[in-house]
Every structure is written in structure tokens, then in C-alpha cells.
*Asks:* 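One structure, pasted below without further comment.
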Amino acid sequence: MTKRWTLARQLLALQLVLVGVLVGVGTALAYADAQRAVDANARDKVLAVASTVADSPAVTDALATSLPSRDLQPFTERVRADTEVDFITIMDRDGVRFTHPDPAQIGRHFIGNTEPALEGRPFTETYAGTLGPSVRAVVPVFGEDGDVVALVAVGITVEAISAELNERLLPLAAVAAGVLAVGVTGSYFVSARLSRQTRGVAPGELRDMFEYYQAILHSVREGLVLVGRDGRIALCNSAARDLLGLPDSPRGTPVADLGLAEDLAATFTSPEPRSDELHLTDTRLLLVNTVPVRSGDRRMGNAVTLRDHTELQNLTGELDTVRGFAESLRSQAHESANRLHAVISLIELGRTDRAVALATAELEVAQQLTDRVVGAVSEPVLAALLLGKLSEASERGVDLELTADTAMQETDGEVDARDLITILGNLIDNAMDAAVEGAAERAPSVAVTIRTDAGELFVRVADSGAGIADEADIFRRGWSTKGETGRGLGLALVGQAVRRLGGAIEVANDEGAVFTVRVPLSSVR
């Protein structure tokens, strides 16, 4: 099986190719530029030397003699040596040389073009003469009457130009080699770092891994949120968005800007681990865990998991209600057993009339209580809850009373029973607790009013306790007058249920706490 190249190795190969190509192209361009510059310098030099020689009075004076070569040859050789050109040739209009670096060539015809110069125009060209290919300039020599009387040709061989170009190539090659070495070294270190960070994973494997992780991340039912050290959301899966009620991906958003409750936001950014904390949102009860993420000694942020505890809490509430019913039945069974023993004893003593009277009175009290509740509240769920709470109140010594204006008709199961149990059950439980705590000052009592009026459900629970000292925080999770760890969830659940149903809850003090709940019937049907 062929081993696939890792991402780091592929990147290294790509970088080496790019560096090599860039250095090669740069070197070629620099070489071409140097060649052009050397050629241009050579043309400028020969043209300047030729123009200077043509304008020299010594040249025109020598041309007027019968033997021009006698004076011009030494003159041109001195100038050639001083200017470091390869040849200076002075010729007549027919191209017959008066001077040449090789004296044997004097008197012979010049090899090259002379037409532009004969017309009075200096020019440069590359041409192969007696000394080989050369860059040359041909300049006219004007007489006193302005006519062209001779020509001056000055040239530098291509070999000399190439030698100068080669001298420039050495530093160019050194620079190119240095750039290549730096590029290769940098590419190696970048590749090594990438290899460490990607753990030597090939691109295909990295793509598959990312797709698998994304699929798993968004398919799990638990919410997962990664919070960076800067308090911004680094990752949030679909379940977390649903649980938190976020419409879009909050990636990059500060936790403080998500609109979460202060205690929940503090849990998200806590530097310490948080385990199985219950937090309430407007519609859900969440079980939150926060684990700080570290890389060595460096803190990267927090990993936060969210679990929906709403259904479990509702089931727990229903279980508590059933347990309350069971306790009420136990209490009633206990009281009934006592009374039954009394009746049996009276019969054994022959006091049957007293036994019948006692049994009848007890039956009348129980029937009156049941008739009072069922007559006022025909909704079976609430009626059952109230009967259980009445028995519990009787056992705790609390006078639980249904007010005279209590009246609620059966809704044929269209009312959300769980929300009603949450609201009424918790309010009555808290009211009885407050009434019992204030029993030293006044007899413990709780008054409950339930009615449907003008398209809304009205619930009012008043107690004889000490009242509410701070109304601002009573619906926050953890708020409690008892100061016990783990309490303070009941009123928070009440507030959540009322908000979920689109209702409102008011709190007042009137010889105790008074809670008033109004919920539109359309929201609970």
C-alpha cells in the first residue's frame, strides 16, 4: 500500500517548487537585465569615444596631411588604451583604414556598415569584423565646409562584454543561492511546525476527520459549547443552539452578548470546573458542566456541556405530586385507622349508637371537603392536586382554604397539566412552608383562588408567613429564604412555566406573601 504524503510534506514540496521557480525566474530576469545593461553601457561608451575622437582637431589636422596614418595611429592607440576599448579605426569615405590595433590591417577596407555615417548620422551596431563579433559605433568626421571627410569606428568585442557580464553574475548567483537557502530553510521549519500541529495527518484523512467530527458534533443530543480564553464562543453545536434558544451560530460572539442569565454566563466562563449545575432559561431547565481545557500549563478555554433536564424535572414534579398523594392517602389511612379502631371499640362496648354517630360525622367531613374542592374546581388534575395538598396541610397543621370565588370548569384535557401542577403545586408548597415558619406570630393558613375569567386562568396563593423581603430575585434559581444548599428551584420553575405560557406573575405582601398568576387560556390549550 502506497503511503500517502502528509499535509506537511505536501506543503513542503509545494513550497520548495515555488521557491525554486521564483528564484529561477528572478535569476533569469536579473541576468537578462544585467545583459541589457552591459550592452547598453558598451554602446554608450563606444559612441562617446567615437564622437570624441571625431571632434578632435588632431584628427582633422592629420587627415589634411599626405600620410594620415603616421599621426593618427599613435593617437588612436593612446586613446584606445586610456578608454579600454578594443579598437579605434579611422577611415576615409571609401572605408580604407588609416588606423587599426593590428597595423597589418591599415590600408585595407573596413568590414561593416558605413552608410548612415556617410550621410552624417552616427549609429551603433553589432557586427563581426577582423577581431570577431563586436559592439561598435561609427561616427562621421566633418570638414570645415561641413562635408563628411572621414569616419571613426570604435568597438568593444562581444567577448569583452561577456567577461564583464560574467563578473556581474557571481554576486547575482550568490544572492540567488542565499535566497534559495533561506526559502528552503523557512519552508522546512514551516512544514515541521505544521506537521506537529496536524500530527502528521494526510489531507484526505484530515478532510474525512473533519467531516466525521462535524457529523458527530451536530448529531449528539447533548449541547457542546467551546469558550475561548477571551470569553468568545469558539464552537457551538446544533443541540446547544436549540437548548439556549440561539437562532444563528454564535461563533466569535462574547458570552456576555448571548443574552444568557448572569449565573449561566458565569458558568460558561468559570476558570474552575463546574459539575451538574442546574440553570433555568425561559423555556428549559439545563444541567450544565464546565471543564477548563489546557494545553500543558496554558489555559485554552472551557468545554461546556448542556443537557436538557426539563422533561426529567417535569417527571420529577409529577412524581412529587404522586408522592404527595401517597402521603395524603397514608395520612388519611392513619387517621381512618384510628377512627375505625374507635368505632370498633364503641361497638364492642355496646355503644353502637355512638359508633354510628362517630362514623357518620367522619364521613360527612370527608365528603364535604371533597364536594367543596370538586364543586369549585371541576378540572380533575387540579382537583386531585388540591385534595392532596389539603390532606398534607391538615397533617402539617396549616389551614388550607379555597376562597369563595374559586371556580374553574373542566377543559377536556386541553390545559397543559404539567405546567399547572408546576405553578400551583410549588406556590402552595412554598406558601405552607412560609405559613409554618411564621406560626409563632399567627395561625398558619394558606388561601388559594383559582378561576377562569375573560379568557385567562387566574391563580392566587396567599400565606400567613413573614412575606417577601426582596422581590427582585425570588424567581432566580437558588433563591430561598431557608438558606439551604440545593433549594430555591420551586419558584424558579414557576417563573419559567409562566413565561413559557406567555403569562405574568405578580408578588405582593399582605400579612404574608401573595402570588398572583395570570395566564392566557389560548397559550395553555
Side-chain angles (χ1 to χ4, degrees), residues 245 261 280-285 310 313-314 317-318 321 372-386 388-390 400-435 445-465 467-477 479 481 488-525:
L280 280 170
T281 65
D282 288 343
T283 59
R284 298 181 186 273
L285 179 66
T310 308
Q313 183 61 40
N314 290 335
E318 293 180 5
T321 301
R372 173 73 183 94
V373 172
V374 174
V377 181
S378 57
E379 173 60 42
V381 173
L382 292 185
L385 176 64
L386 288 171
K389 295 301 180 184
L390 284 168
L400 178 58
E401 174 191 6
L402 288 179
T403 60
D405 57 344
T406 293
M408 181 178 178
Q409 300 301 316
E410 185 175 355
T411 59
D412 298 326
E414 295 179 345
V415 177
D416 191 335
R418 292 182 300 180
D419 284 334
L420 294 182
I421 290 174
T422 297
I423 294 172
L424 186 59
N426 281 291
L427 288 180
I428 292 177
D429 286 341
N430 283 352
M432 287 195 294
D433 289 342
S445 63
V446 174
V448 178
T449 302
I450 305 172
R451 66 172 181 265
T452 53
D453 185 23
E456 69 176 9
L457 173 65
F458 176 88
V459 177
R460 184 176 183 272
V461 178
D463 62 64
S464 61
I468 301 298
D470 184 3
E471 299 179 5
D473 295 324
I474 61 174
F475 297 107
R476 173 179 57 82
R477 184 191 67 83
W479 186 92
T481 60
L489 186 60
L491 287 179
L493 291 173
V494 171
Q496 182 192 61
V498 172
R499 288 193 300 271
R500 183 166 53 242
L501 297 176
I505 185 168
E506 299 174 359
V507 183
N509 287 320
D510 183 14
E511 295 184 355
V514 180
F515 289 81
T516 303
V517 177
R518 290 182 172 85
V519 176
L521 286 178
S522 59
S523 65
V524 296
R525 292 183 179 180

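Below, all heavy atoms of this structure are taken into account, side chains as well, without hydrogens, waters or symmetry copies.
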*Asks:* Which atoms form the tightest heavy-atom contact between Ile423 and Val494, and what is the distance?
*Replies:* O-CG2, 4.0 Å
*Asks:* Around atom CD of Glu511, are there more than 12 heavy atoms of other residues, nucleotides or ligands at under 6.0 Å?
*Replies:* no
*Asks:* Using the test side-chain contact (heavy atoms from CB on, under 4.5 Å), find all partners of Thr449 that sit at least two apart in sequence or belong to another chain.
*Replies:* Thr403, Asp405, Thr406, Arg451, Phe458, Arg460
*Asks:* So, using side-chain contact (heavy atoms from CB on, under 4.5 Å) as the criterion, who are the partners of Ala513 when residues are at least two apart?
*Replies:* Asp463, Ile468, Asn509, Phe515
*Asks:* Looking only at heavy atoms, which two atoms of Val448 and Leu400 are closest? And how far apart?
*Replies:* CG2-CD1, 3.7 Å
*Asks:* Closest approach of Ala435 and Ser464, non-hydrogen atoms and distance?
*Replies:* CB-OG, 3.7 Å
*Asks:* Looking only at heavy atoms, what is the nearest atom pair of Val498 and Ala504, with distance?
*Replies:* CG1-N, 3.5 Å
*Asks:* Leu424 versus Val459: any side-chain heavy-atom pair under 4.5 Å?
*Replies:* yes
*Asks:* For a side chain to side chain contact (heavy atoms under 4.5 Å, CB included) check, start with the C-alpha distance between Val517 and Leu427, then their side-chain angles and the critical distance, and finish with the verdict.
*Replies:* CA-CA 10 Å; Val517 177; Leu427 288 180; 4.0 Å; yes
